[in-house]
Structures are given as structure tokens and as C-alpha cells.
Amino acid sequence: MAATPPHMDATLPRVETTPVGLPGWLGTVIWFARKKPLGTAGALVVVVMVVGAVFSNVLAPYNPLDTNYAAMLQAPSASHWLGTDTFGRDILSRIIYGSRTALFVGLGASILGSTIGAVIGVASAYFGGWVDLMVQRLIDIVMSFPIIVLALAVVSILGSGITNLILAIAIPFMPRIARVVRASALAIRETPYVDAARAMGFSHARIIVRHMLPNVVAPYLIMLTAFLGQAILLEASLSFLGLGVTEPTPAWGLMLRGAAVEFAERAPWMGIFPGLAISAAVFGFNLFGDSLRDVLDPKLRTS
Amino acid sequence: MKSRMITGFTRSAAAVSAGLLVLALVMAPAAMAAEQPKAGGILTFAVAAEPPGYDLHQETSFAALHPVAPHYSLLIKFNQWKYPEIEGDVAESWDVSKDGLTYTFKIRKGIKFHDGSVLTAKDVKATYDKIIFPPEGVRSARKASYAMVKSVEAPDDQTVVFHLKWPAASFLANLASPWNPIYKADILAKDPHWYEKHINGTGPFVFVEHVKGSHWVGKKNENYFMKGRPYLDGFRAIFIRDTSARVASVRGGRALIEFRGFSPAARDDLVRALGPQITVQESPWLCVLTVALNTQKKPFDDERVRRALSLAIDRWGGSAHLSQISILKAVGGIMRPGYDAYAATEEELVQLPGFSKNIDASRKEARKLLKEAGYPNGFAFTFKNRDVKEPYEIMGVWLIDQWRQIGVTANHVVQETAAFSKDRKSGNFEATMDWACDFMDEPDLQLFKYVSSSKSPIDYSKYDNPKLDELYEKQSRTTDPKARRKIVREFEKIVLTEAYTFPTIWWQKINPHWTKVHGWHQLPSHYLNQDLRDVWLGA
Amino acid sequence: MQRYIIKRFLLMIPTLLGVAVLVFVLMRVVPGDIVELRYTLEGTAVSDELLAQERARLGLDKPVVEQFATWMWGIVRFDFGKSMWTDNPVKDEIALRLQLSLQVAIMATIFATLLSIPLGILAALKQDTWVDYAIRVFSIAGLAMPSFWLGILIILGLLIFFRWLPPMFYTPFWVNPWENMSQLIWPALAVGYRYSAVATRMTRSSMLEVLREDYVRTARAKGLWENMVIVRHAMKNAILPVITVLGLEFAFLVGGLVVTEQVFNLNGLGMLFVESVARRDYTMTQALVVLVGFTFILVNFAIDIMYAWFDPRIRYG
């Protein structure tokens, strides 16, 4: 249950739990790995994904956009480890580059949605009264729309493309996190710190940013990590429906659309690998996120 | 002696031959019986979408046609075994006056509507009045095809006469349109909108039920005017929106056939899974994907740039690859390849810009044209497409690749169909995917797409050329096929040289179905031959 | 308590109104024209005059405010209008699909509950053992897999290994229970597995919290039989958040199963939703959104009341 690793806790008698001489962060990592094996497995998946995304052009054996009709629909082989698709494009390369899209959209949407949502939640709690009532109603209204409808509306109005996709996915997150953050913020509003700050004449913005926001970091992080996995899944669903990223961009959800289903028997590798990639990524983020939360603030254990 | 032996031999030979002959005569009907249509059975087929309304005079989607057509008869129709020959349906015979301005039809006696009343020429006249001269508030989707009709008359119960303003080569074929079911005059007089929500026809099947979102059922019309038909006891149409679910339904035997078309991958899966239980009918489809360039936006106001884009496309080579992963296959100009009467032959085709088999030479010329027009290093533009994978997105990805070969960068903007349709109609695009599907091979129909934008609502390129309009009118009124063909070729050459809208590749109609389904012969259009009159189920 | 109920009830009205306005505005801002889609999509040449005629018939040429007023006036009298695509009353179109969607939602929820509560309790009791890990992995896998991918795998599996396909069209349960179940069991399983993931985690964490509470420790100290402790004391209090989660998810199950319905070819509300939005069928989409929104708001309301009942602090807060 301890929040600080034993070898860094100065109040405890020195016990040799890690080899002497290792830098502190490595020790922390090993401590984490021992304590939370599932979380570590998740973290490994995330690291692989990030490395794949950053070093795509080094790691991918082919250009994901290169068509090669002579080699279409080939099974996994020495020259194409995961096979090729209907245009003869290498699936392994498309999966590696696809992690870029997934991370970009996933991180972008969850950070954007969580941050804006958190600010709304805190502001609503802080100002109270009419403002709070109005914001609460707005939250209810937006939350009553199924996510697909919202996404469809955003994409139809603004057009397709990555930035609009990020917005379309971020919007459903905002009311959900606003609600949770608001609950935490309400508790803080009544504390002596905020009263004192108001008495001292600090501006609203300053109070919100300096006193209230830091105290809602915990629920913020919780929801952020929860949203990461969901954002990746949403991107896959929207691309599958044709509303997300479009050809010929490599993206996992897009790879499952159309041809993968059509050729599912003749060329199952087209549908299996992107599906596995999505599942692995979301899996990893969820496991890692859970364990991270446990370690950062045990009071908020939800896993 | 010798003669007696020979006689003996001859006699036994004769006996044996006679025996064999008798045997053959006995066996032959048995052998042929395997081919004879059997009565009975229910045909279940899959349809990709549901009819929004039942009045075929105002609908334009195959989804309306497939379940509704079996309930109605036409005046004349295409003979499914001898396409494009025409045979009478409600009409017994007809004749055309020498000047081509009067068409007289003799109507069969004894045809009954499903409610029991008798069909007369009055009903045919009322039907065509509704199509050609619709009353206020009544929508007729193909009114424009009948602009040459002056009037329709029914001088007696079994005769209908059409008077034309000018001789039209396509008139008879237009009357065979599957979109012209014969309705009852009395009902139309009382309420011209009645047929939008109800069914009452003279066709081989009577309406039973339509469960929205699910299925449609029809049963045999016991009083059908053709004795012995229909063979089937009834039919059931199931609405299955998802493509893979549709293929799966045929594979699992829950549907025996799907009348529109499957992809080559689906065909291969079905053949592999079901072997001899599946029969595949394939032929070029009367549908084509085209590219429309907005001639009011730079650089597409320059015909050299436009032609360069068409020259860059390797149609012959692409067909070989695309036909394996999609329904795109046949290479043809503005008329369907396979329609020998008016489509360009291969020798004629390879002379036209963009259709040469030497793609390197074409691309070299394309680059030269671009340089002349002032774009030596190519340029970039947006290419709008709808969000349906087969075959639109597939063609889009391929086209972009082709244009890359001459240094032109196209940005693929895939839009939701509604937004795409709006942009295409309003001209809010630089280049866009486009397509054309018709119900019959007929220059009047296929050429209409390339006529000036001010005259044709389906020419989106904002291009006007009075010469083309003139040629169109001329070929429409030329009844001599040879002369007409010459004009069509001239038209085609101008279209492909100006390249404001140009065809890419024609579709392939692939209909795999259970072998036990007989009596349906695939025609080039999925709008034709859907009355199911001749269909029967074997073992 | 009564004042609280009335207050929360009254607050439902502006929310519902907001949903109605928002969907109306959204539909009109999104580009696209149902009339064009209906007639020109397959490449036929249809005259502009016919299109204009249709638009007038559907009332699309009237000023926006008037359209809104007409629609709202209809809603107040429970008349949701006619679908712009088929001309049939919206009520009929929805009622047809509601049966199926409700059944799938109920079956999925039952499956999710049967799976998640025992698993969650087990995981909580055996915390940090391999049993716990296995259950957590199993439930997170349900969250991680794209539902449409799972659906595709299920159908393919049935086809390839069993050479069998579920029925393609809907038979109500009372007409033919066997046909009905053999069609709907698969999507219910695919969807239920996913929702059980959320509920399992909730059950587990909720149980963990409750197991640490003083009164449970006291009960244990008193030497009460372990099972009685769990069943009587822990579960009762742990169940509340789980019901919340299941309830909220159910509200979305009814209209939100868009991709699953597509993969399994179910004639449900999700499919109707996507189709009417794609066709820009204003009346239908608006009606569906208002209905789903109303369901969600109602479920929220019920949950709020339930919480207030159990936790007096909320009523007076």
C-alpha cells in the first residue's frame, strides 16, 4: 500500500532490495515490475507501440503506400512477414505506421477531451449557482446523444480527416470527465484554502488553476488513461464505418474495413493482425493505466 | 447363300438398330425430363436494400424493383434468352408505321388484375398517361425519355396507339423499360398516388406481405394469363444490408440467389465452399465508373490537362488487377463493351486517347501535354469520392496511384454519401468520382451523361458544347443503325478528347446462385428480368 | 425526499428540450439533401423540377423556424411525424425495430450480469492471486477487443467450423422461440461479453472497498460464517455502483449497437439510426435521438432517486 518504494523511503531501515549503485529510476521500474506484473506487461505493450510509432520509417520494411499488384493477397512469408493486402501493400509496415495514427488520435483525443472537460467541470463547481445549473444541463444533453451520432455529425459538418476525427472523439469524453471532476472539485471548493484565497482578492482564474486544478489531478489522470483505450477503439469503429481516417492512410480500423471482411476466408491475415493490434494496444493501455493509478493514489483504487 | 447371310446379318443389324432406336426414344424424354421445368417451390432471394415506395414509375433504385416487379406486367419486355430482342408481355403484337410516327399495339385478351378485373387498352393508356403526362403532384422519374410522344390513345379495348412527334430510334426499347408496370385505370383515376403504398397488378405473383426492415412475400397468381406460369409457388425477398451477411446468406442456403451482383472474392468463396451446388453467371455490367472534372476550376479549364489525366490511366493493365479484387473489369468507352451494335470494337477503342495498350507512350504524351499547359512539374488537386468501398474507394486508391505516375498528386477526400452528393451537384469539387448505371443498352441513355451540363442534370463537369448536343439529337432521330453508329463514334471521340467526364472501367456482373435455380438468365442490367415468371427450382 | 424528486423531475424538461433543439439544428447544419439521395443516387437522370416538387411535399422549402415549430407541436401531441424516406409514420418504423433491440439489450444485460457479478466477487475475494489476474485479463480483453471484430470472428467461426449460419431475419420470440434465439444469441453474447468487462471491474473494486469496511471486519471478528458475512453485509452495499453501471449501459444498448447490428445484420434501432442519418431523414433521426435521449435521462433520473433513497446526505446536499 506504500506510495514510495521502500528503497527510497528514508524512514525505513535500509534493506537491500535492489542492487547497490543502480540509478533511482531503474530501481523504481524494477520495484514496479515486481509489485504489479500485469501493469508491467501493459507498459511493455505501450512502449512497443510508442517505439513503433516514433521509429516507423526505420522499422517498417516497406513503404505502407507502395502498391504491388504482382504480390497481392499473399500469405505471410519471408518477404512479407504478415502478408499483403488487396493492393499488394505490406501489412506489417501498415501496422507499424498504423500505430502512429492510433497514438496520435488516441492521445490527441483523450488529452483534448479530458483537459477541456476538466476545466469545464472545475469552473462549473467553482462558480456554482446558475452557471453550474446550466453546465449540468448541457452535460446531460450532450451525454444523451449516442457517441456515433455525435461523431457522425462532427465528421459530416467539418469533413473527414485526422484533426476532425480527434475532435469527433474528444467531444463525447468532455461531459463524462466534467461530471466526475466536478464532484471532486465541489469538495475542494468548501475548504479554507479557497476561502482564504478569495478573501485575499486572488482572481478567479488564479484560484482555479493554482488551488483547485491540482487537487483534481487524480480523477483527471484516471479518466485520461481510461479514455486512451476507448479513443483507440472509437477510431477503429469510426474508420470501420467509413467516418474516420480514409484510404490510403494506414490505420488499424481502416484496415479492417471492406476487403478484410470480404477476403476473410481467402486471406484471413488481413483481418486478424489489425484486430490483434487494436486489442493489444487497448489492453496494454488499460492494464498499465490501472496499475499506475493504484501506485499513484491507492485511495482511488478501482481495479 | 451369300445373300441369305447378308440378309440375316442385315436383319439382325436392323433388329439391333431398331431396338436401340426404341431405347433411345424411350430414354430421350427421360433424359430431357431432367431439363424440364418443374412446378412448385419458393424462391428466397436477398436484396441489399428496402423499397422506400412501391410505385415504380417514380422510383429509381433496384431495391424497389426486385421485390415489386414480380407483381406486375409490362407492355413489352426484353426476351431474357435473346437480349436485346423484345417480346410482348401484355401486348400480343405490334407494328410501326413507315414514317416511324405511329406505334400500334394489340393487347391480349383475358388478362386479369389480382383483384379479378379484366385488363383492357384503357389501363395501358392510363398507365402511360401517368408516366408521360403526369398530373399535378405526381412524380414521373423518367418523363424526359418520352419527350417525343404526342399522345397515347386506346381506340378499342384491345388496341393502344402511340403518336410520336418525331421518329425516335429508342422508342420501342424505352417502352420495354422495367419501370413501366401496367396499372389499373380506375384506381389511377380515383387516386394517382394509390400505387405508392399498395400493389395490384397483372403479374405472375400476388402480394402477400411486406414486413418492414425484414422481408417481402409473394405467392403464385393462379389466374396468370400465361398458362403453366409461374412455375414457382411463391417467392420471399429478404432485406440484408450488410454485404458479407448477404454473401453468407447465399452460402448458408438461406437465400438461393441475389440479383444485383457479388464481388469476385465472394464468388470464389462460394464456389470453394459449395462446389457443384453453385452456378456462376458472369458478364459485363451496364454500370461504369467515371471521373468528372470541374471545367470551371483551374487547371481543369484546359482540355490538355484534362486529357493528360485520362491518358495517365492504364485501363488495360488495371483491369487485370482490379478484376481480382473488385467488380471492375471490362475496358470500354462510353457504351458498354459487349453491346456490339453501338460499342466501339477493340480496334476502334485503342485509337482513342486513354485507351492505347502502350501505357508508356500514353503517359509520355500526358507529361508533354502538362508541360505545354504550363505544369511541367505536375500539380496537386483534391479528388472527392463517396465512402463506399466497393468499387468506389478501390477505384479511388488506384486512380491516385495512376496519376502519381505522371507527377500529379491527388488528395483522396472520402465523404459520406450525402455530403458527397451535395458537393457533386453544386460543383463544389475539383475532381470527383462519378458513375452511370442504366437499365438497357441504348445510346440515348448512355450518351446523355456526356451532353452539355446545361441540358443534362447528370453531367456535373459544368461543360457546354453545342456540337455534342447537336450530335446527340441527331443520333436520337436516326433510325438506320449503321448511320447511327457512325454518329455515336463521332460523339465518343469528342468526349474522350475533351475529357471533361471520362469513363474509367466498366463493372462486371457476377451472380453466383444455387444450381437448383433455373430459368433466370443474367442480363447486363440488374434492373431487367425481375418478374421471375420463368424461374423454376430443380432438385 | 419528495421535494428532491420533484426538483429532479422538473430538471428533466429543459434537458429534453435541449436535446430536441440540438438534434434539429445539427441535422440542418449537416450538408446533404434527402431528395437528391432518394432519386439520383443510382445515376438516373431526374429533372430538377421533380426534385423541387418532392422538397415542397416534404415541407423542406419552408423557413426553418416554421419547420421547428411544426415538429415541436407534433411532439407535444406524441406525433413524431412521418419518415421522409418511406412516408410511413415514424412510430411504426420504430416500433418494428424496438422489439429486437430491446430483446438484444435485455439478453446482453442478463449475460453480463450473470458473468460479471460472480467473477467480480471471486476476484475480490482472491485478490492478487492468479485467479484474480486471470479474471482481470479476461475482463479487460472484453473491453479491448473491437466489438465488430469479435462479431466478424464469431460469424466466420460458425461458417467455417460448423457450416451453419444464424437466421437472417427476425422472428419474434413468441412466434418461434428457437429461430428467435438462434439469431439473437450471438450478438447478445458478443455485446454482453463487452459489458460484463465493465461490470466485472466495478463489482471487484466495489467489493474490495466494502470488504475493508469496519463493519465487515467486525462481523468477521465476531466469527460469523464467512459466506454469511459476504452475502449479507458486503454484497448488499457493493451492489449499488454495479447497478448504476449496468443501468447506464443498458440505456445505450438500446440505440447504440450500430456496428454490432451491421455485422450481424440485425434489423434494430442502431441500424435505423445510421440509415436515417445517412439519408438525411430529418424526422426519423430527430425522433430517434429524442427517444434515446429520453431513455437516458429517465434512467439517470431513476438512478439519482435510488441513490438519494440510500444515501440521505445527497437529498439535503
Side-chain angles (χ1 to χ4, degrees), chain A residues 37-38 41-42 133-134 136-150 152-157 159 186 226 229-230 232-234 236-238 240-242 252-253 256-257 260-261 264-265 268 271-272 274-276 278-287 290 300-303, chain C residues 11-12 14-19 21-23 26-27 29-32 132-133 136-137 140-141 143-150 152-153 155-156 159-160 201-202 204-206 208-209 251-252 255-256 258-259 262-263 270 273-274 277-278 280 285 288-290 292-297 300 317:
Chain A
L38 274 189
L133 217 61
M134 291 296 298
Q136 280 280 75
R137 295 289 70 71
L138 268 172
I139 289 179
D140 276 348
I141 292 173
V142 177
M143 275 183 76
S144 335
F145 277 77
I147 296 185
I148 286 291
V149 179
L150 277 181
L152 204 69
V154 173
V155 169
S156 301
I157 297 175
L186 273 179
Q230 272 197 46
I232 295 181
L233 270 179
L234 259 176
S237 300
L238 287 174
F240 178 75
L241 284 176
W252 297 338
L256 286 173
R257 183 172 148 74
V261 176
E265 252 186 291
I272 292 184
L276 279 178
I278 298 173
S279 306
V282 178
F283 206 82
F285 273 111
N286 270 317
L287 282 179
D290 279 358
L300 289 152
R301 275 187 119 119
T302 54
S303 65
Chain C
L11 282 175
M12 274 170 60
T15 315
L16 207 50
L17 200 65
V19 171
V21 172
L22 190 58
V23 69
L26 268 181
M27 287 310 290
V29 172
V30 165
D132 182 24
Y133 289 150
R136 278 166 65 192
V137 167
I140 294 188
L143 271 182
M145 271 197 277
S147 50
F148 57 90
W149 191 59
L150 184 59
I152 294 170
L153 290 179
I155 292 196
L156 265 182
L159 256 181
I160 297 182
R201 281 148 66 91
M202 201 67 212
R204 180 180 174 281
S205 71
S206 184
L208 280 176
E209 250 183 59
F252 274 137
V258 168
V259 194
Q262 182 153 323
V263 169
F273 223 155
V274 168
V277 173
R280 302 294 192 262
T285 314
L288 279 170
V289 169
V290 165
V292 172
F294 179 66
T295 315
F296 177 79
I297 293 172
N300 247 346

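No hydrogens, no waters, no symmetry mates; every other heavy atom, side chains included, goes into these values.
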- Message: Which one wins on heavy-atom pair count under 4.5 Å against chain A: C:Leu17, C:Val23, C:Leu16, C:Ile297?
- Response: C:Val23
- Query: Looking at CH2 of C:Trp149 and CD1 of A:Ile272, how far apart are the two atoms once the value is rounded to the nearest 0.5 Å?
  - Reply: 7.0 Å
- Message: Surrounding CZ of C:Phe294 (heavy atoms of other residues, nucleotides or ligands, distance under 6.0 Å), is the total greater than 12?
- Response: no
- Side-chain contact, heavy-atom cut-off 4.5 Å: C:Leu11 with A:Gln136? no
- Given that the side chain runs from C-beta out, which part of C:Ile140 has a heavy atom under 4.5 Å from chain A: side chain, backbone, both or neither? both
- Could you walk me through whether C:Val289 and C:Val19 pass the side-chain contact (heavy atoms from CB on, under 4.5 Å) check? CA-CA 8 Å; C:Val289 169; C:Val19 171; 3.9 Å; yes
- With a 4.5 angstrom heavy-atom cut-off, which part of A:Leu138 approaches chain C: side chain, backbone, both or neither? neither
